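This is a predicted model, so every value here is computed, not measured. Proteins get letters first, then strands, A, B, ... in listed order; numbering begins at 1 in each.
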Amino acid sequence: MSAARVGVVTFPGTLDDQDAARAVRLVGAEAVPLWHADHDLKGVDAVFLPGGFSYGDYLRCGAISRFAPLMEELIPAARAGLPVLGTCNGFQILCEAHLLPGALTRNASLHYVCRDQRVRVESTDTAWTNAFEQGQEITLPVKHGEGRYVASAETLAEIEANGQVVFRYVGGNPNGAMNDIAGIRNEAGNIVGLMPHPEHAVEELVGAPSTDGLGFFTSILKKLVNA
Amino acid sequence: MTTDSVKRAESTPDEPMPFAELGMKQDEYDRVKEILGRRPTGSELAIYSVMWSEHCSYKSSKVHLKQFATKAPKSDALLVGMGENAGVVDIGDGWAATFKIESHNHPSYVEPHQGAATGVGGIVRDIMSMGARPIAVMDALRFGGAHQDDTRRVLPGVVEGISHYGNCLGLPNIGGEVAFDPCYIGNPLVNALCVGLLRKDQIKLATAPGPGNKVVLFGASTGPDGIGGASVLASATFEDESQAKRPAVQVGDPFMEKLLIECCLELYAADVVVGIQDLGAAGVSCATTELAAKGTGGMHVDLNQVPLRDPSLRPEEILMSESQERMMAVVRPSDIPAFMAICAKWDVPATVIGEVTDTGRLVMTWHGETIVDIPPGTAADDGPVYERPFHEPAGQAALNADTPDALERPADLRATLLQLLGSPNLASKAWVTDQYDRYVRSNTVLAQPADAGMLRISEAIAGAEPTTRGIALSTDGNGRYAKLDPYAGAQLALAEAYRNVAVTGAKPLAVTNCLNFGSPEDPEVMWQFAEAVRGLADACRTLGVPVTGGNVSFYNQTGSTAIHPTPVVGVLGVIDDVAKRVPTGFVAEGLRVALLGDTAAEFGGSEWAHVAHGHLGGLPPEADLEAERSLATVLVEAARRGLLEGSHDLSDGGLAIALAEACLARGIGATVALSGEPFTDLFSESAARALVAVRPEAFDEFAALCAEHEVPCYGLGVTGGESLVVQDVLEVPVSELRDTHTGALPAIFG
Amino acid sequence: MARVIVDVMLKPEILDPQGQAIARALPRLGFSGVSAVRQGKRFEIELEGPADDAAIADVRKMAETLLANTVIEDYTVRVEA
Amino acid sequence: MARVIVDVMLKPEILDPQGQAIARALPRLGFSGVSAVRQGKRFEIELEGPADDAAIADVRKMAETLLANTVIEDYTVRVEA
Ligand SMILES: Nc1ncnc2c1ncn2[C@@H]1O[C@H](COP(=O)(O)OP(=O)(O)O)[C@@H](O)[C@H]1O
Ligand SMILES: [Mg+2]
């Protein structure tokens with residue numbers, strides 16, 4: 001059987017694409033580079049939208065990227081069930097593209113923040129978190145200036161009621177996000193977005209002092225192999 | 001509008017030119033006339049005035065900097081030495097590293113955010129122009145007193161600028177310094193370092209060989225950035241109409257720079273670049289003259305081809321513009337289509353603006369008229385050289401005589417420890433470093449608060465040759481030490497950076513430096529400069545690490561008051577197996593703690609004298625370079641054999657601060673005992689010392705290694721518990737250390 | 001050649017930490033009498049042609065889809081006098 | 001209770017990378033006919049009292065010292081109609 005193929009998208013200004021691809025390979029999957037200007041998903045089984053400053057984060061984070069040719073392919077595919085993970089800038093793009101509800105705004109501190117953050121896994125019922133335990137606390141780095149999750153009162157109530165909150169900050173909220181929300185999913189659970197960076201927590205030697213990020217990649221592998 | 005063409009210059013030989021407004025001296029102007037055999041045109045004057053400025057020509061520092069070459073230790077590691085955009089060092093297995101530190105002090109005072117941001121941008125382009133992929137940045141910062149009003153304006157802006165630009169480029173920030181002293185009020189220091197990686201056989205140089213090859217300008221368009229002086233030329237002399245005063249501030253676009261990085265790397269990989277140069281200070285003037293001077297000697301440029309952001313720019317202004325995010329390449333005509341296609345892929349505008357010739361002349365045209373016709377080497381290489389007079393400052397002897405011996409010693413050493421630990425210079429810099437991305441690219445093995453930053457090599461470039469190696473980098477400098485004795489101060493700066501690299505297990509290999517001083521026209525400042533350079537060159541020879549490049553920043557003064565002389569030194573080291581890196585501090589319970597090196601009562605310029613008494617006088621600690629070398633040998637060998645669990649160098653604040661920081665690393669306490677006079681043992685700043693944590697069963701082997709290299713090794717105690725305990729002297733819970741250490745900067749800066 | 005202005009402000013119910021930080025700083029700087037500050041964005045759009053109804057409709061679409069994120073922001077479009 | 005608007009824009013000669021990035025994106029999104037975009041900031045200042053001359057002078061000072069960085073930015077102050 002050929003290895004699971006996970007697409008890793010590069011926009012102009014994407015920064016964590018190599019890191020994401022490395023993490024995909026670490027669990028034995030194939031990382032397929034996807035280029036923003038192509039109308040081509042290359043038949044991948046899942047897509048990782050990595051962090052960075054696509055288009056310089058000018059205007060609003062993710063606002064310009066959402067219109068890229070690749071996104072014209074990705075948006076309908078995701079709606080149809082393709083597993084998609086967006087971290088940081090990738091999360092912002094997913095919200096701007098209305099694949100996930102709400103929006104990400106300037107940190108309440110008004111400062112960029114890079115730190116090792118504890119988060120609690122609130123939903124294991126997704127393509128990207130099925131290898132975690134419900135309620136498990138993991139450590140992942142956050143690094144962003146605009147990561148404060150906001151949504152209207154109705155939306156917030158709805159995603160809480162539906163169990164769409166996937167990750168919550170614990171031990172301090174780095175950006176002032178509503179309800180300490182660090183990550184959410186769509187109703188179907190194939191699309192997940194979060195501010196923390198699993199791809200920086202997969203090796204002992206480098207990155208954050210944890211390898212908790214590996215769970216994301218083993219989750220998607222499990223999901224694809226079982227599918 | 002009349003253009004001041006060469007023809008016009010020939011027919012109006014006596015027309016007065018505003019050379020003085022451009023900072024040029026009469027004799028320098030006379031030399032230009034002698035070189036050209038006529039008066040220069042406005043554009044030629046623009047070129048000579050910026051190329052012969054202190055910033056570009058090093059006219060006051062050159063005679064001293066020579067020592068870095070003449071005294072350089074023999075080193076097989078040096079692939080490209082001083083004089084290029086950045087030095088290149090062989091780090092083994094076919095890999096090379098290039099690194100350099102540069103100042104952006106004055107712009108960061110005027111507009112802290114943009115000044116600091118463009119400082120990062122500039123040094124990154126230097127590294128790119130060597131053919132390397134930039135892989136990390138560092139920043140060495142000096143501000144006025146932490147509580148001074150202007151510091152609250154400057155520091156947050158500078159940090160935000162570095163953070164925004166570096167983070168957007170996707171370059172991890174792996175270290176630096178933040179120090180405060182009232183001497184820097186009005187003259188903050190922003191020194192940015194970038195390190196890049198390349199294969200040994202892929203070095204690119206700034207040269208324009210091959211007549212017929214095309215000259216391509218690519219990246220951002222050219223606007224009226226940072227051309228203050230040039231507007232004099234463009235308006236006052238030739239035209240009556242008054243031009244708006246042009247801004248001195250350059251604004252950076254990190255997004256464009258990120259595209260430039262990826263674009264350049266793809267251009268290199270496609271082998272379509274013959275020569276390349278970044279555009280920094282002096283923009284097009286500098287790039288064209290330097291490329292032409294190092295190539296076949298001639299170039300023809302049509303200035304009308306330069307893409308402009310502001311169509312009203314005059315040629316003199318185009319030549320002097322410091323618009324950011326631009327590069328210039330020399331490309332074979334047959335490679336132009338491939339070159340342009342790669343630029344288009346990355347949305348990077350690129351334009352052919354000229355051609356390499358074999359005439360030995362740099363010729364530029366504007367609307368068909370020749371406005372520049374000069375031998376490029378005369379602008380790029382044959383600038384003026386000054387032997388500026390210098391003498392010891394009048395108050396130096398008195399300063400050295402005012403030793404800290406008379407200062408009252410503290411009764412309560414616990415209180416002193418907490419006072420120092422919570423003082424702005426020694427407190428946690430997390431308020432700053434939490435704004436920097438240290439993880440991006442996933443090669444960061446060590447970053448703040450480690451003694452040195454460390455990166456693994458193997459994965460740094462996708463698909464690269466595997467290697468187990470890593471590189472480590474540290475920057476250090478202590479203005480107070482250098483004020484007391486600039487010769488020793490420069491040596492101590494090198495010694496500390498060298499030591500910081502060695503404690504992580506990496507072998508120090510090469511040096512970069514940024515020399516921040518007052519006005520070279522002041523003989524007392526010039527003495528400080530001469531002494532610092534002499535000290536650094538001598539120390540490099542003793543330690544066997546060559547200077548590969550650097551930067552001089554003069555005129556850091558307000559009125560007649562100069563900053564403390566502040567040589568900032570960066571050291572790069574290599575670790576053969578990056579998995580054997582030694583983390584900073586105490587990483588486990590039950591480890592033996594030892595102090596390496598001897599302690600004398602050395603308090604001149606110390607943090608204690610500064611914080612407790614506001615005192616600066618006497619002499620700095622002795623720089624014992626032989627001892628530093630032995631210490632480093634032991635540390636690197638011990639790491640190689642896997643004997644060290646943790647380490648930490650001793651510097652500002654002495655053993656007391658080192659112990660506290662080692663406990664804070666993982667929140668693990670320690671119990672230690674002193675053998676000498678407690679105050680001296682705890683707070684002296686004697687150099688060539690380090691703290692190590694060793695597994696008990698490895699201790700004998702480690703002690704034997706120290707003995708073999710004659711490095712004093714004193715068992716102090718053992719790690720563990722919730723407190724730092726110095727028996728019979730003090731006891732502080734680690735949580736209290738933490739609150740004191742982390743609370744200080746947020747309390748000031750919010 | 002006309003200029004159209006698009007103002008984008010966070011919806012009133014969305015926290016505006018930038019505005020709040022400014023409002024908090026004002027008394028310290030000796031300014032009193034300000035009850036609230038909100039910070040938003042202003043875009044100046046230079047049109048190649050005149051600001052006729054079609055052009056304004058275009059800018060409005062631009063604001064709706066790109067310049068503002070209507071999940072959290074409101075916008076207004078007007079031709080500069 | 002009055003509202004005063006402060007608009008802050010980069011000086012015309014200063015590079016506006018944000019505005020440029022937006023302008024470059026527009027054609028790709030199907031918007032034509034825009035020759036340039038500049039992005040600035042808009043502040044809505046709610047006053048406790050009326051927007052009389054003294055209050056406006058105060059806001060002007062606020063703009064000069066805090067809201068705008070006059071090294072690179074220009075500002076305008078106006079009372080909302
Ligand atoms: N401006 C800065 N940028 C990045 N890292 C910094 C900066 N200032 C301090 N650091 C990091 O914080 C840590 C502590 O700094 P410092 O106490 O100055 O170390 P040392 O005294 O060993 O040189 C180091 O890891 C240093 O690299
Ligand atoms: Mg250190």
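Of the possible donor and acceptor atoms, none in the side chain of A:Glu96 sits under 3.5 Å from a partner among the backbone N and O of A:Ile93. A side-chain donor-acceptor contact under 3.5 Å links B:Thr468 to the backbone of B:Asp576. The backbone N or O of B:Gly121 lies less than 3.5 Å from no partner atom in the side chain of B:Thr118, so there is not a single donor-acceptor pair.
Interface check for chain B: of the options A:Ala23, A:Gly207, A:Gly52, A:Pro209, the most heavy-atom pairs under 4.5 Å are formed by A:Gly207. Of all the listed residues (B:Arg581, B:Glu262, B:Glu160), the one sharing the greatest number of non-hydrogen pairs under 4.5 Å with chain A is B:Arg581. When each of B:Leu259, B:Val445, B:Val159, B:Leu446 is scored by its heavy-atom pairs under 4.5 Å with chain A, the top score falls to B:Val445. The candidate from A:His200, A:Glu199, A:His144 with the greatest count of non-hydrogen atom pairs under 4.5 Å with chain B is A:His200. Across B:Cys168, B:Pro156, B:Gly170, the residue that shares the most heavy-atom pairs under 4.5 angstrom with chain A is B:Cys168. The greatest number of non-hydrogen atom pairs below 4.5 Å with chain B, out of A:Gly13, A:Gly145, A:Ser54, is found for A:Gly13.
In this structure, B:Lys345 is positioned above the aromatic face of A:Trp35, its NZ or CZ under 6.0 Å from the six-membered ring centre and within 45° of the axis.
Contacts between B:Arg438 and chain A at a heavy-atom distance below 4.5 Å involve backbone atoms as well as side-chain atoms. Using a 4.5 Å cut-off between heavy atoms, A:Glu203 touches chain B through its side chain atoms alone. Looking at A:Tyr55, both its backbone and its side chain come within 4.5 Å of chain B, counting heavy atoms on both sides. Proximity to chain A (any heavy atom under 4.5 Å) is restricted, for B:Leu169, to the backbone atoms N, CA, C and O. Using a 4.5 Å cut-off between heavy atoms, B:Val578 contacts chain A through both its backbone and its side chain. There is no contact between A:Ser109 and chain B, counting heavy-atom distances below 4.5 Å. Neither the backbone nor the side chain of A:Ala201 comes within less than 4.5 Å of any heavy atom in chain B.
If you check the side chains of A:Thr139 and A:Ser210, you find no donor sitting under 3.5 Å from an acceptor.
For A:Thr87, there are no side-chain hydrogen bond (donor to acceptor under 3.5 Å, both in side chains) partners, not counting sequence neighbours.
Ring pair A:His36/A:Phe11 is tilted by interplanar angle, where 30° to 60° counts as tilted. Using cut-offs of 30° and 60° on the angle between ring planes, the pair A:Phe91 and A:Tyr149 is parallel.
The environment of CD in A:Glu133 is sparse: at most 12 heavy-atom neighbours from other residues, nucleotides or ligands sit within 6.0 Å.
Residues B:Tyr436 and A:Tyr112 have side chains not in contact (no heavy-atom distance under 4.5 Å, counting atoms from C-beta outward).
Residues of residues 741-750 of chain B having a heavy atom under 4.5 Å from any heavy atom of chain A: none.
Taken to the nearest 0.5 Å, the CZ atom of B:Phe255 stands 7.5 Å off from the CD1 atom of A:Ile64.
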Requested in this report: Give the C-alpha distance, both sets of side-chain angles, the deciding distance and a yes or no for salt bridge (charged side-chain N to carboxylate O under 4.0 Å, His left out) between A:Arg5 and A:Asp45.
Outcome: CA-CA 5 Å; A:Arg5 300 174 73 240; A:Asp45 306 309; 5.9 Å; no
